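Small disclaimer: the values here were computed from a predicted structure and weren't measured. In what follows, every heavy atom counts, from backbone to side chain, and hydrogens, waters and symmetry copies are set aside. Chain A is the first sequence line, chain B the second, and so forth, proteins listed ahead of strands; every chain is numbered from 1.
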Amino acid sequence: MEDYELFNRNTQAIIYGFQRNPIQRMLDFDFVSKREKHSVAAIIRPTQTAAISYHKVFFGNKEIVIPIYKTLDLAMKKHPNAEVMINFASFRSSFQTSKEALESDTIRTVVIIAEGIPERQSRVLIKIAEERKKNIIGPATVGGIVAGAFKIGNTAGTLENIILSKLYRPGSVGFVSKSGGLSNEMNFMISQTTDGVYEGIAIGGDRYPGSRLIDHLMRYEVNPKIKLLVVLGEIGGTDEYAIVDALKNGKITKPIVVWVTGTAAKILPKGLQFGHAGAMADSSKETADAKNRALREAGAIVPDSYEDLDKEIKKTFDKLKQDGKIQPVEDFEPPSVPLDFNTAVRLGKIRRPTDVVVTISDDRGDVPTFAGVGLDTIIRNKKSIGYVIGLLWFKRELPDFGQEFIEMVIKLTADHGPAVSGAHNAIITARAGKDLMSSLASGILTIGPRFGGAISNAAKYFREALLKGMTPLEFMGYMKDVVQINIPGIGHRIKSVQNPDVRVQLLKEFVLNNFEKHPHLDYALEVEKLTTSKRNNLILNVDGCIGITFLDLLENLDFTKEEIEDVIHSEALNGLFVLGRSIGMMGHVFDQKRQRAGLFRQPWDEILFTE
Amino acid sequence: MAQKNIYEYDAKKLIASELPKYYQDFNYHNKLVVIDCETDLEKTVSDNSWMNTEKVVVKPDQLFGKRGKANLLLLDANCDEMKDFCYNNLDRVCEIGNVRGALKRLLVEPFIPHEKEYYVSITTERDGDIIHFSFEGGIFVEENWDKVIHIPIPIGTDITLFDLEGKMPDLGESKNILIPFIKGLYQVFVDQDFAFLEINPFAITQDDKVVPLDVKARLDDTAMFLHANTWGNPSNPIEFPAAFGQIMSEKEAYIRELDEKTGASLKLKVLNPSGRVWTMVAGGGASVIYTDTIVDLGYGDELGNYGEYSGNPSREHTEIYAQTIIDLMTEPDPAGRSKYLIIGGGIANFTDVKATFTGIVSAIKNSVEKLKKAKVKIYVRRGGPNEKQGLELMEQVGKETGIPIEVYDRFTHMTRVVDLIKKAEETGGA
């Protein structure tokens, strides 16, 4: 690379800060400029844990990855060819990271995007850059562009603008401004009045920019590809006088069109921040009028107002062309970049089917809703857990008796002591040092045909019997001869007719008092009469009672027969048991963990070893 | 964000708290009292007994200098004289350097008898700072500017190792006071991110104490985050007052508050509340050019505001900003003439034109009656990401509401809309 160049078609940059949009825009620019290799070598993301991760981007149609490093140091080691760092760090941390880059051996140019860097910190960076022959662009800038070669971050915006302003191939104009915002306006103005921009840099609006207008003009002056210089200066500071001096002592020989903005400051109140941080005239010498006058006197082409800037640029360029000083530009049709998916959707150009249909909740608004009811309403109106389960499981506001029934079931199933399979497994897993989730899962996973299964099986067979119109006696025979299992939900190890289970009594009582109809319970009680006549412990047990009364609950809600089928098919009944029992199993896990209970090992004397 | 003036009171307090770290012999009296229109003078005097027992100095503390020449400096006064001065001057409107404003704030401190007045100031340049020093301080320092010596201190200099004495004139006996004082002062200047500091004059008392008499200072407010322990304390930050005679209106203060809360930039200054040309321009650079052009074309007197929004503000913030400007400009002109709102800007790099314009469009829709009553014509010119959709929104809102809105894209020169206003005015406004 020549000394007068900061960037060319091979420039590789490290981006400090994980900035998706600017990075993709740089690669899009690279693609339409037909660069061989894209310009972003690496990204720095100090907040990541991994030393190296990867970011997917598009280079044209092709998806590629760019490495993301935790530290600048490693990025520089891995990418010694990267000469540019574009620093998106905030004003709080930009100084440290810019300093590190300037003090490195591989980075030659640092672009500082952040606005609001303390002036003293900027001046320290300037000193380091001067000592180490490095370049700074910024702070407080969008950066700059070398047409058809390299684009800094967000400069020149979107692809559409790059094409409209013909920035994908070089013209003959070297442009420099203070304002980053206006640099893009100027890119377009220059593309409309000349053969286009060769290089355009925005030095930033601070009082102490890392590089000054003159620094870039001197580079343009010696760059043989640049034929015309355009400058947009600003009120405040004395940097424009360096241009006056360079014109006077012959250091700038190329035609130069300049306008210094801020001529209106004379009518504005003193002390008003007019535009950028550096834009405050401390003396009459720093006013826009004085600078425009001095530049005109020194031989620059200075229009009467900004209104005429485009005309002066065009006039000056046309003259250069007449004099045969402009080589025709090799224009080409830039390759087209496919639309981004999101952009295309926004523009209504494409549509895409969704993957999932959800009917129970929505968290996109201000407040999440459950079956259309706002969470805030639920809390404010002190709705019960049974109500919430109604919304999320059945998409309905359950009547009070329904809510109460569900909560009663949860309470009844919450725990059944440490010896049952689920709790036992949860305890053993917790004592093996596993986490809550694993311990709970281990317990839940035992729920099935034999453990907890009586509830859903009771519901299944009693429902079938009732639907088929079997008499209780026929049902008993059917279970014995055809299905060949004991009737689920009937029988208890200890409890009997004489020693009834209080849980069953409470549940029966509630259903008989609160449900308008209870055909399943009535039927089960008929069955129970027959079974207890055979043996007095063949009573309707709590599992069976839950399963059967749940069917009765559904009969009392506004469900159609088909909807009841859906509820049973969806395993809602298992859900009730899992939900209830999880409370107890978690309790057992907490209990073991609190005690720091050690690993469980079954004693040999509980095992019969045999051949 | 830039260099900001601070009150003399705050400057002295900051020096008083920081200078002893570097210049242990600095033994400042720290007797400083601000009197404003709300102050209970009797109570203040009883809380600060020195005001009764010592002779005092009273002067305005409102960012303007040459107070002696303006006859606003009370020296060597007793308590009653001090009170009289306060009663006579507080809230009094006077003219300072062509600016009219009310005296709102007086500073009272002990009168220090002295013979000699010294001058010291520190300024910043790109490659270093400059210490300016003179034996001939006081109100005639400008007349005696040739006697001021200027000592450049390159960035990064360790001032404690710097041969300051070699650069100074023969200081005689006061050398042992002046050298450590100035070195200490420079360290405070660097440490606290001052952008400008002028002590004119300071005195050396008979017991060899340095006393700053008048102080002017600017801080670099971007460095606030580095000074949470002193002037940048987030719960009690130093005040950056507006220049004398500049009062920040409620609406301006509101926008400033919004600006401080977001990463984007929102600026607003009302220049002429009854002006007929108002601007809502995107970008610091473009806003200056629009203002220039409006003045160039002869509408400086009619310019209602200066301001800008930039840095990709959210839709909501843009709406609030637009609504504020619309509210300010929709008091109908007494003579029934048209008003003009320029919604302008260059071709943005990354500010989303559609998103920001969506905010502006909501503000317009909320203000249809107001805008019509005040006969507001709107001129739009803008480019950048999603420019087509953004400009379409503006076209549509014009059609829907019947408010005259002319919309121009990047192919129209950025400030040509100002020309169009001129043409509209010349053909009768209406």
Side-chain angles (χ1 to χ4, degrees), chain A residues 21-22 91-92 115-121 123-124 126-127 130 142 154-158 160-161 164-165 177-189 192 205 207-208 232 234-235 261-264 266-280 288 305-307 310, chain B residues 1-3 5 63 97 99 124 126-128 154-156 190 193 195 220 222-223 225-226 242-243 245-246 265 267 269 271 282-289 291-296 300 303 306 308 310-311 345-351 383-387 410-411 413-416 418-419:
Chain A
N21 285 340
F91 64 89
R92 286 172 184 276
E115 188 173 344
I117 294 182
E119 289 174 358
R120 186 161 297 274
Q121 293 189 336
R123 293 190 295 156
V124 171
I126 290 166
K127 182 162 183 261
E130 272 167 11
V142 70
N154 279 316
T155 307
T158 53
E160 188 190 10
N161 182 62
L164 279 170
S165 304
S177 71
K178 283 208 156 188
S179 164
L182 280 176
S183 68
N184 204 30
E185 178 74 23
M186 294 304 295
N187 284 332
F188 184 68
M189 182 194 280
Q192 299 295 297
R207 178 173 281 258
Y208 299 116
L232 199 61
E234 196 172 84
I235 178 177
T261 70
T263 54
K266 49 189 177 277
I267 70 138
L268 299 178
K270 235 176 115 183
L272 173 71
Q273 188 67 52
F274 192 35
H276 301 112
M280 193 151 352
S305 74
Y306 175 82
E307 282 277 279
D310 56 345
Chain B
M1 296 208 283
Q3 303 187 355
N5 288 299
L63 307 186
V99 180
T124 66
R126 186 178 173 81
D127 47 10
I155 280 287
V190 172
D193 281 289
D220 174 7
T222 57
F225 72 98
L226 297 172
Q246 298 289 315
S265 168
K267 302 269 175 336
K269 173 74 202 163
L271 302 172
S287 66
V288 169
I289 293 181
T291 309
D292 285 352
T293 309
I294 290 164
V295 173
D296 278 350
L303 181 58
Y306 170 74
E308 62 106 4
S310 58
I347 301 164
N349 287 296
F350 60 94
T351 295
N386 293 321
E387 59 189 41
R410 60 166 70 214
F411 291 95
H413 190 83
M414 190 174 85
T415 50
R416 200 125 300 156
V418 184
D419 251 346

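- Interface remark: Ser310(B) contributes no atoms to any contact with chain A (heavy atom separation under 4.5 Å).
- Using a 4.5 Å cut-off between heavy atoms, Ser183(A) touches chain B through its side chain atoms alone.
- Glu160(A) touches chain B through its side chain: at least one heavy atom from C-beta onward sits under 4.5 Å away, while N, CA, C and O do not.
- Contact between Ser179(A) and Gly285(B) at its shortest, heavy atoms only, is OG-CA, 3.8 Å.
- Ala195(B) and Glu119(A) get closest at one heavy-atom pair: CB-OE1, 4.3 Å.
- When heavy atoms are compared at a cutoff of 4.5 Å, Thr351(B) does not approach chain A at all.
- Heavy-atom distances place both the backbone and the side chain of Ala286(B) under 4.5 Å from chain A.
- Contact annotation for Met189(A): only side-chain heavy atoms (C-beta onward) come within less than 4.5 Å of a heavy atom of chain B.
- Between chain A and the residues Asn5(B), Leu226(B), Asp127(B), the most heavy-atom pairs under 4.5 angstrom are made by Leu226(B).
- Using the six-membered ring where Trp is involved, Phe188(A) and Phe411(B) have ring planes that are perpendicular, over 60° apart on the 30 and 60° scheme.
- Here Asn349(B) is the residue among Val418(B), Asn349(B), Val295(B) with the most heavy-atom pairs under 4.5 Å with chain A.
- Contacts between Val142(A) and chain B at a heavy-atom distance below 4.5 Å involve the side chain alone, from C-beta outward.
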